[in-house]
> 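Here it is: the structure, laid out below.
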Amino acid sequence: MSERPHTPLLDQIARPADLKGLSDRQLTQVADELRQETVSAVSETGGHLGAGLGVVELTVALHAVFDTPRDKVIWDVSHQCYPHKILTGRRDRIRTLRKKDGLSGFTKRVESPYDPFGAAHSSTSISAALGFAVARDLGGNVPEGLGDAIAVIGDGAMSAGMAFEAMNNAGHLGKRLIVILNDNEMSIAPPVGALSSYLSRLYAEEPFQELKAVAKGAASLLPEPFREGAKRAKDMLKGMAVGGTLFESLGFSYLGPIDGHDMDQLLPVLRTVKARASGPILIHVLTKKGKGYAPAERADDKGHATATFDVITGKQNKPPSNAPSYTSVFGDELVNLAAKDDKICAVTAAMPDGTGLGLMAERYPSRTFDVGIAEQHGVTFAAALAAGGMKPFCAMYSTFLQRGYDQVVHDVAIQRLPVRFAIDRAGLVGADGATHAGSFDIAYMANLPGMVVMAAADEAELKHMVATAAAHDDGPIAFRYPRGEGEGVDMPEEAEVLEIGKGRMIQKGARVAILSFGTRLGEVKKAAESLSAKGITPTIADARFAKPLDREMILQLAEGHEALITIEEGAVGGFGSHVAQLLAEEGVFDTGLKFRSMVLPDTFIDQASPADMYDVAAMNAPQIEAKVLEVLGIATIGEKRA
Ligand SMILES: Cc1ncc(C[n+]2csc(CCOP(=O)(O)OP(=O)(O)O)c2C)c(N)n1
Ligand SMILES: CC(=O)[C@@H](O)[C@H](O)COP(=O)(O)O
Ligand SMILES: [Mg+2]
């Protein structure tokens, strides 16, 4: 007899409390419907599909067993949080995900009480969970109350030192703390490192199948009150190699591995842990990234990041590209240089594809290192590669390089080691929002003695800067470039090595000079076109270097114009501040020069398209034009003349 069609249940779940009355079988149905809803939503928004599909059952089970938001579920990175957002009252907005004025693609405290802690940078969840656990035990109070603290951390995120710093502390404190290791044998790329092999051994050696039998069989035999599996967990713990895992040596109980897609395992184990855990416990859960959606399961990245797509075929809607991406220009030029110089090597922190090192890894695997999500280690590793006579390119997103900043100062700059920093995703990045903005690297790199800091105005300039960095052995050098496609300029056959500290003139004009650092140059040129219709032709120069500054060019511009405007895709404290410092020290302001420095505003800008985000930042062509008119004291339409 065919199964009675199920009454849809997800529609009845406005918040996690609505899960409480459901049977385990119904919870399994909710998970199935939640998976479909996640695929449907992300097909319209694009985003991080694979990770969320891998935790659908875990999400339902956690919210069914624990009492969120009193119990705090903290998702590591939180790119896997879309099912969580659907279950926690945001289903009606899930199709605004990662869009302007929409839901963030990551957990965010201001968005929901079910998001106790924001994330997006990896490996912070155990530290955060421990903080909540200690606050709970110290009598901290928050409107939702403080119950269990549960960190859900991936195998990739577990490769970061910060995760072990937190476990070391948690194991020492001995507080009740639940860590769920979501092991899908994937980072963005396949995982690297000894930990990954160790985890694989854990379930290769563990009686996983026996465990599954126990999980399936024993649960039904237990007396009612323990139906939830309390006794079984004790048997399981007894049956397992206790004390044999890395986690137990850090003071955690270890439970697992269990099948993270099997509700008959997840529910009893979570219920038992909730009923019985006293100290820190790690539950090792095995999942599949992209689970339940064939195109994601088949994809090399298991659907880690997708554009919008057709649900039936899985075909992604990728807009045609008009120019090479900055990332590919970097990767291609690096391979060109590595072919001619066997000292050139590359370091990435778990972002081989994102940083364009795929071709380098393919051509020169012995000179390409993916260190895992370990930016601190990656920077110091690169520093010692340089000390050992190599020419390391440390390729990291601006935002993730922040994780290794002390190492930049302490291990690279102070020792003046020639590490080349390829800083990708410089400036505002779009859908990933504020957590991924590359806003601060000019400020945090250009203030370091001996550091050379460049910014590419277009893809041709980037090609030159890669070669310039390769040739620079006197000390550390950094070059930054944005996410996405180039400007569509002609690409030179050969890269040229730029003269360190020298900018370039773009156009000569009068009254006002605009000194651009990075890709805002395109918007400056657009503003200049509009200004010329008003009889104003600004001088435009591309600084190329924030350090060392082109002192001669800057003083000439200051001397020859009423006003000087700088512009950069960075926060205050960067290029414009260094120019202001120079002008001040040279007494130029004493002569009445009008000066403006266009920088990102002192706020975190939420996700939107990059163009919309730069609009919020007041750094697009119309706002550059307005700045010129303002500094020249020319009234704009509707404004009274001063
Ligand atoms: C500090 C930091 N470095 C790099 C990244 C980029 N990143 C986002 S998710 C991810 C892989 C995470 O792997 P895992 O924790 O196993 O989660 P999964 O995607 O497998 O669910 C990486 C490297 C990041 N978010 N934070
Ligand atoms: C979740 C995470 O941190 C990465 O997946 C990041 O979103 C990648 O950014 P790009 O899409 O710019 O490569
Ligand atoms: Mg993983």
Side-chain angles (χ1 to χ4, degrees), residues 46-56 58-59 75-83 98 104-107 118-126 151-163 180-193 195-196 199-200 260 284-291 296 301-307 325-328 348-357 370-379 395-405 424-438 481-484 607 610:
H48 294 103
L49 177 66
L53 291 179
V55 296
V56 163
L58 184 57
T59 303
W75 297 97
D76 204 285
V77 183
S78 79
H79 60 316
Q80 77 292 67
C81 75
Y82 304 174
R98 293 162 52 89
S104 166
F106 305 103
T107 51
H121 282 203
S122 172
S123 319
T124 61
S125 61
I126 303 174
V152 184
I153 184 167
D155 54 309
M158 189 58 98
S159 71
M162 184 173 176
I180 296 176
L181 172 55
N182 170 35
D183 186 357
N184 55 21
E185 290 193 285
M186 277 295 284
S187 183
I188 293 182
V192 294
L195 179 70
S196 171
L199 291 176
S200 307
H284 187 183
V285 171
L286 304 185
T287 63
K288 271 181 83 171
K289 196 165 183 175
K291 173 79 176 178
D301 73 346
K302 306 300 174 202
H304 176 81
T306 65
S325 69
Y326 283 97
T327 302
S328 65
T348 173
M351 309 287 288
D353 295 333
T355 55
L357 290 182
D370 178 353
V371 298
I373 308 180
E375 287 83 3
Q376 295 172 329
H377 161 63
V379 171
M396 292 186 189
Y397 291 13
S398 167
T399 191
F400 298 142
L401 182 57
Q402 291 164 186
R403 186 65 69 87
Y405 184 56
D424 199 335
R425 275 50 172 198
L428 300 174
V429 296
D432 275 341
T435 52
H436 285 59
Y481 44 99
R483 181 178 198 275
Q607 79 281 349

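Along the sequence shown, residues carry numbers from 1. Side chains are part of it too, since the values below use all heavy atoms of this structure and drop only hydrogens, waters and symmetry mates. Please read these numbers as outputs of a predicted model, since none were measured by experiment. Both ligands and their constituent atoms are indexed starting at 1 by order of listing.
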> Return yes if some donor-acceptor pair links the side-chain N/O of Ser159 with the main-chain N/O of Ile373 below 3.5 Å, else return no.
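Looks like yes, one N/O pair under 3.5 Å.
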> Which of the atoms of ligand 2 are close to His436, meaning less than 4.0 Å from one of its heavy atoms?
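Those of ligand 2 that fall under 4.0 Å from His436 are 2 (C), 3 (O), 6 (C), 7 (O).
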> Which single N/O/S atom of Asp155 lies at minimum distance from the Mg ion (ligand 3)?
OD1
> Which heavy-atom pair separates Ala119 from Thr435 by the least distance, and what is that distance?
O-CG2, 3.5 Å
> Is Val55 close to Trp75 at the side-chain level, that is, under 4.5 Å between some pair of heavy atoms?
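Answer yes - side chains close enough.
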> Need the ligand 2 atom indices (1-based, order shown) with element for anything under 4.0 Å from a heavy-atom of Asp432.
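Near Asp432, meaning under 4.0 Å from one of its heavy atoms, ligand 2 has 6 (C), 7 (O), 8 (C), 9 (O).
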> Among all protein heavy atoms, pick out the one at the shortest distance from atom 14 (P) of ligand 1; state its residue, atom name and that distance to 0.1 Å.
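Result: Gly156 N, 3.5 Å.
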> Nearest to atom 23 (C) of ligand 1, what protein heavy atom do you find, and at what distance?
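Nearest neighbour among protein heavy atoms for atom 23 (C) of ligand 1, to 0.1 Å: Ile373 CD1, 3.5 Å.
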> Using a 4.5 Å cut-off on heavy atoms from C-beta on, say whether the side chain of Asp76 contacts that of Met158.
no
> Could you identify the single nearest non-hydrogen protein atom to atom 15 (O) of ligand 1 and state the distance to 0.1 Å?
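Result for atom 15 (O) of ligand 1: Ala157 N, 2.8 Å.
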> Is any N or O atom of His79, backbone or side chain, closer than 3.5 Å to an N or O atom of ligand 2?
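No.
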> For the pair Asp424 and Thr327, evaluate side chain to side chain donor-acceptor pair (under 3.5 Å) and give the outcome as yes or no after the intermediate values.
CA-CA 7 Å; Asp424 199 335; Thr327 302; 2.7 Å; yes
> Any side-chain heavy atom of Leu58 sitting closer than 4.5 Å to one from Ile180?
yes
> Nearest protein heavy atom to atom 5 (O) of ligand 2, by residue and atom, and its distance?
His304 NE2, 2.7 Å
> With a cut-off of 4.0 Å, which atoms of ligand 1 are near a heavy atom of Ala51?
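Those atoms are 19 (O), 21 (O).
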> Any idea which protein heavy atom is nearest atom 5 (C) of ligand 1, and the distance to it?
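The closest one turns out to be Phe400 CZ, 3.4 Å.
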> Only one of Arg483, Arg98, Gln607, His79 forms a side-chain hydrogen bond (donor to acceptor under 3.5 Å, both in side chains) with Asp432, so which one is it?
Arg98
> Hey, is Val429 one of the residues with a heavy atom under 4.0 angstrom from ligand 2?
no
> Should the ring pair His304 and His48 be called parallel, tilted or perpendicular, given that the plane angle runs from 0 to 90° and is split at 30 and 60?
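His304 vs His48 ring planes: perpendicular.
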> Within a distance under 4.0 Å of any heavy atom of Ala350, pick out the atoms of ligand 1 and give their elements.
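Matching atoms, with element in brackets: 23 (C).
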> Do Leu199 and Leu181 come within less than 4.5 Å of each other through their side chains, counting heavy atoms only?
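Leu199 reaches Leu181 side chain to side chain.
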> Considering all heavy atoms of both residues, which atom of Thr107 and which atom of Ser78 are nearest to each other, and what is their separation?
N-OG, 2.9 Å
> At what distance is the nearest protein heavy atom to atom 10 (C) of ligand 1, and which residue and atom is it?
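That would be Ile188 CG1, 3.5 Å.
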> Considering only non-hydrogen protein atoms, determine which one is nearest to atom 13 (O) of ligand 1 and report residue, atom name and distance to 0.1 Å.
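Checked against all protein heavy atoms, atom 13 (O) of ligand 1 sits closest to Ser187 CA, 3.5 Å.
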> Give the residue and atom name of whichever protein heavy atom lies nearest to atom 3 (N) of ligand 1, and the separation in Å to one decimal.
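For atom 3 (N) of ligand 1, the nearest protein heavy atom comes out as Glu375 OE2, 2.7 Å.
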> Suppose we call two aromatic rings close when their centres sit under 6.0 Å apart. Are His436 and Phe106 close by that rule?
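Under 6.0 Å, so yes.
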> I'd like to check which ligand 2 atoms, numbered from 1 as shown, lie under 4.0 Å from a non-hydrogen atom of Arg483.
10 (P), 11 (O), 12 (O)
> Taking backbone and side chain together, does Ser187 place any N/O/S atom at a distance below 2.8 Å from the Mg ion (ligand 3)?
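Short answer: no, not a single N, O or S atom is under the cut-off.
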> Say whether Ala349, considering both its backbone and side-chain N or O atoms, lies within less than 3.5 Å of an N or O atom on ligand 1.
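No - when backbone and side-chain N and O of Ala349 are compared with those of ligand 1, no distance drops under 3.5 Å.
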> Give me the nearest non-hydrogen protein atom to atom 13 (O) of ligand 2 as residue plus atom name, then the distance to 0.1 Å.
Tyr397 OH, 2.6 Å
> Looking at CZ of Arg425 and OG1 of Thr355, how far apart are the two atoms once the value is rounded to the nearest 0.5 Å?
8.0 Å
> Give the contacting part of Met351 toward ligand 1: side chain, backbone, both or neither, where contact means a heavy-atom distance below 4.0 Å.
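Under 4.0 Å from ligand 1, Met351 contributes side-chain atoms alone.
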> Any side-chain heavy-atom pair from Leu428 and Pro610 closer than 4.5 angstrom?
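Not touching, per the 4.5 Å side-chain cut-off.
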> Does ligand 1 have an atom under 4.0 Å from some heavy atom of His79?
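Yes; His79 lies near enough to ligand 1 that a heavy-atom distance drops under 4.0 Å.
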> Taking only heavy atoms of Ala120 into account, list the atoms of ligand 1 that are under 4.0 Å away from them.
24 (C), 25 (N)
> Report yes or no: do Thr399 and His121 form a side-chain donor-acceptor pair below 3.5 Å?
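Result is yes, a qualifying pair exists.
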> Given His304, Met396, His121, identify the one with the heavy atom nearest to atom 9 (S) of ligand 1.
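Selected option, by shortest heavy-atom distance: His304.
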> Main chain of Ser187, side chain of Lys289: is a donor-acceptor contact present, judged purely on distance under 3.5 Å?
yes
> Which of the numbered atoms in ligand 2 are under 4.0 angstrom from any heavy atom belonging to Arg425?
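Close to Arg425: 10 (P), 12 (O), 13 (O).
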> Could you check atom 21 (O) of ligand 1 against the protein and tell me its nearest heavy-atom contact, residue, atom and distance included?
Asn184 ND2, 3.3 Å
> Counting from 1, what ligand 1 atoms have a heavy atom of Gly154 closer than 4.0 Å?
14 (P), 15 (O), 16 (O)
> Quick check: does Ser122 get an N/O under 3.5 Å from an N/O on ligand 1?
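Between Ser122 and ligand 1, an N or O pair is found under 3.5 Å apart.
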> If you define the side chain from C-beta out and look only at heavy atoms, does anything of His284 sit under 4.5 Å from Asp183?
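When only atoms from C-beta onward are counted, Asp183 and His284 do touch, with a gap below 4.5 Å.
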> Under 2.8 Å from the Mg ion (ligand 3) - does any N, O or S atom of Met186 fall there?
yes
> Please tell me if the side chains of Arg403 and Met162 come closer than 4.5 Å, counting only heavy atoms from C-beta onward.
yes
> Which of the atoms in ligand 2, numbered in the order shown and given with their element, are less than 4.0 Å from a heavy-atom of Phe400?
3 (O)
> For ligand 2, indicate whether the residue His121 contacts it via side chain, backbone, both or neither (heavy-atom separation under 4.0 Å).
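The answer is neither; His121 stays 4.0 Å or more away.
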> Assess, by modelled atom type and distance only, whether the side chains of Thr348 and Asp370 contain a donor and an acceptor separated by less than 3.5 Å.
no
> When you measure from atom 1 (C) of ligand 2 to every protein heavy atom, which one gives the shortest distance, and what is it?
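Scanning the protein heavy atoms, the shortest distance from atom 1 (C) of ligand 2 goes to His48 NE2, 3.4 Å.
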